[in-house]
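Since the structure comes first, as structure tokens, the remarks are kept for the end.
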Amino acid sequence: MKILKSILKTEVTYDDEMKNRYLVKKEWDKNKGKALILMKNAGQADEIVLDQTTMYVINNLAKLDYGSVIIMNLFPSLEGKETNESATENLKCVQEEVTKVDDVIIAIGTGAEANKEALKRLHMIVAILLDKKANILQIECPKGRKGFHPLYPAVKNEWKLVAYEIPPVKQDD
């Protein structure tokens with residue numbers, strides 16, 4: 001008989017009012033690779049509770065031999081009310097956390113192209129990642145399409161990570 005034990009270390013960073021969640025860190029093996037995954041909106045996960053997205057992120061990264069993840073979002077608001085202060089703090093957190101990981105996975109999903117604010121925020125964060133010379137990846141489905149969120153049915157149980165293709169910046173007239 002074998003008994004395996006594990007500790008899943010969790011750290012969550014909020015603002016003082018607990019209205020914005022800037023990051024969720026999960027570590028299960030400090031000797032393995034570290035990933036930062038960037039999604040669109042903060043979910044329901046906290047220091048104890050796992051939402052479906054966080055569960056699939058951990059499961060897939062463990063299968064890919066990572067040992068920890070930092071989960072961040074384009075929009076950190078837990079109540080849907082974004083402020084300039086929370087947006088600025090979120091960008092500062094990205095700048096700081098990207099230096100602590102091996103890979104950054106952009107997983108905002110395929111619907112973000114229609115959201116001007118999401119695209120604007122994504123371009124800001126990608127600029128930070130490029131400045132920090134981050135290895136930027138994305139999730140590819142078995143049919144070769146890219147840019148999926150972890151809950152997308154075709155990828156939720158098995159990820160293939162490929163180089164991120166930076167979307168062109170559209171100029172507003």
Side-chain angles (χ1 to χ4, degrees), residues 6-62 64 66-112 115-132 134-139 147-152 155-156 159 161 164:
S6 177
I7 295 174
L8 182 61
K9 183 178 170 185
T10 303
E11 178 182 316
V12 183
T13 302
Y14 298 94
D15 64 2
D16 291 338
E17 293 81 32
M18 303 284 288
K19 291 184 178 180
N20 294 284
R21 190 187 69 218
Y22 297 109
L23 59 97
V24 176
K25 291 183 185 181
K26 299 277 187 183
E27 180 184 79
W28 52 95
D29 189 336
K30 65 182 178 184
N31 298 313
K32 292 186 176 184
K34 297 171 176 50
L36 184 154
I37 187 162
L38 182 72
M39 294 176 281
K40 190 174 169 194
N41 296 303
Q44 300 304 310
D46 63 21
E47 66 280 3
I48 307 258
V49 174
L50 288 176
D51 57 18
Q52 278 194 326
T53 304
T54 304
M55 180 190 72
Y56 284 119
V57 166
I58 292 169
N59 290 352
N60 281 291
L61 289 175
L64 292 169
Y66 287 90
S68 65
V69 65
I70 300 170
I71 298 170
M72 300 189 75
N73 298 283
L74 297 179
F75 304 103
S77 175
L78 295 170
E79 299 178 355
K81 297 174 186 166
E82 184 82 348
T83 65
N84 286 338
E85 184 181 337
S86 67
T88 301
E89 189 61 36
N90 198 47
L91 292 172
K92 284 183 194 175
C93 284
V94 169
Q95 271 187 311
E96 186 177 318
E97 297 303 320
V98 72
T99 64
K100 301 174 185 177
V101 299
D102 301 299
D103 298 315
V104 176
I105 303 162
I106 306 287
I108 59 171
T110 56
N115 183 327
K116 286 183 183 178
E117 195 59 36
L119 276 180
K120 180 180 168 187
R121 187 71 51 87
L122 176 62
H123 287 296
M124 284 189 225
I125 291 174
V126 168
I128 291 168
L129 299 176
L130 292 172
D131 183 56
K132 300 286 185 182
N135 185 38
I136 311 172
L137 304 169
Q138 63 186 334
I139 303 168
F148 291 100
H149 183 275
L151 290 180
Y152 186 74
V155 301
K156 70 181 183 179
W159 289 2
L161 297 177
Y164 179 69

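How far NZ of Lys132 is from CD of Glu96: 9.5 Å, rounded to the nearest 0.5 Å. Taking OG of Ser68 as the reference point, atom NZ of Lys9 lies at 10.0 Å (rounded to 0.5 Å). Between the CE atom in Met124 and the OG1 atom in Thr88 there is a gap of 8.5 Å [rounded to 0.5 Å].
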Next item on the list: Determine, stepwise, if the pair Glu97 / Lys25 fulfils side-chain contact (heavy atoms from CB on, under 4.5 Å).
Entry: CA-CA 10 Å; Glu97 297 303 320; Lys25 291 183 185 181; 3.2 Å; yes
Notebook entry, point to check: Between Leu61 and Ile105, is a side-chain contact (heavy atoms from CB on, under 4.5 Å) present by the stated rule, with each step listed?
Noted result: CA-CA 11 Å; Leu61 289 175; Ile105 303 162; 3.7 Å; yes
Check: Going through the distances and angles, do Asn73 and Arg21 end up as a side-chain contact (heavy atoms from CB on, under 4.5 Å)?
Finding: CA-CA 9 Å; Asn73 298 283; Arg21 190 187 69 218; 3.7 Å; yes
Next item on the list: Decide side-chain contact (heavy atoms from CB on, under 4.5 Å) for Asp103 and Tyr164; before the verdict, give the C-alpha distance in whole Å, the side-chain angles of both, and the deciding distance to 0.1 Å.
Entry: CA-CA 11 Å; Asp103 298 315; Tyr164 179 69; over 6 Å; no
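In this structure, Leu161 and Tyr66 have side chains that are in contact, with non-hydrogen atoms separated by less than 4.5 Å. Side-chain contact between Leu122 and Leu74 is present, with at least one heavy-atom pair separated by less than 4.5 Å. With a 4.5 Å cut-off on side-chain heavy atoms, Lys34 and Ile70 do not count as touching. Using a 4.5 Å cut-off on side-chain heavy atoms (C-beta onward), Ile139 and Tyr152 make no contact. With a 4.5 Å cut-off on side-chain heavy atoms, Val69 and Trp28 count as touching. Proximity of Gln52 to Leu151: side-chain heavy atoms (C-beta onward) are separated by under 4.5 Å at one or more points. Here the side chains of Met39 and Val57 are in contact, with some heavy-atom distance below 4.5 Å.
Across all non-hydrogen atoms, the minimal contact from Met72 to Leu36 is SD-CD1, 3.8 Å. Across all their heavy atoms, His149 and Val155 have their closest contact at O-CG2, 3.7 Å. Nearest heavy-atom pair across Ala42 and Ser77 is CB-O, 4.0 Å. For Leu91 against Ile125, the heavy-atom pair with the smallest separation is CD2-CG1, 3.5 Å. Closest heavy-atom contact between Pro76 and Arg121: CD-NH1, 4.4 Å.
The local environment of NZ in Lys100 is crowded, with over 12 non-hydrogen atoms from other residues, nucleotides or ligands closer than 6.0 Å. Counted within 6.0 Å of CD on Glu47, heavy atoms from surrounding residues, nucleotides or ligands total more than 12; the atom is thus considered enclosed. Environment of CG in Leu8: crowded, with over 12 heavy atoms of neighbouring residues, nucleotides or ligands closer than 6.0 Å. In Glu79, the CD atom is crowded: over 12 heavy atoms of neighbouring residues, nucleotides or ligands sit closer than 6.0 Å.
Applying the side-chain contact (heavy atoms from CB on, under 4.5 Å) test between Leu38 and each of Val126, Ile71, Ile136, Ile106 identifies Ile106 as the sole match.
Judged purely by atom type and a 3.5 angstrom limit, Asn20 has no side-chain atom pairing as donor or acceptor with the backbone of Asp15. In terms of modelled atom types and a separation under 3.5 Å, the side chain of Asn60 and the main chain of Lys156 share a donor-acceptor contact.
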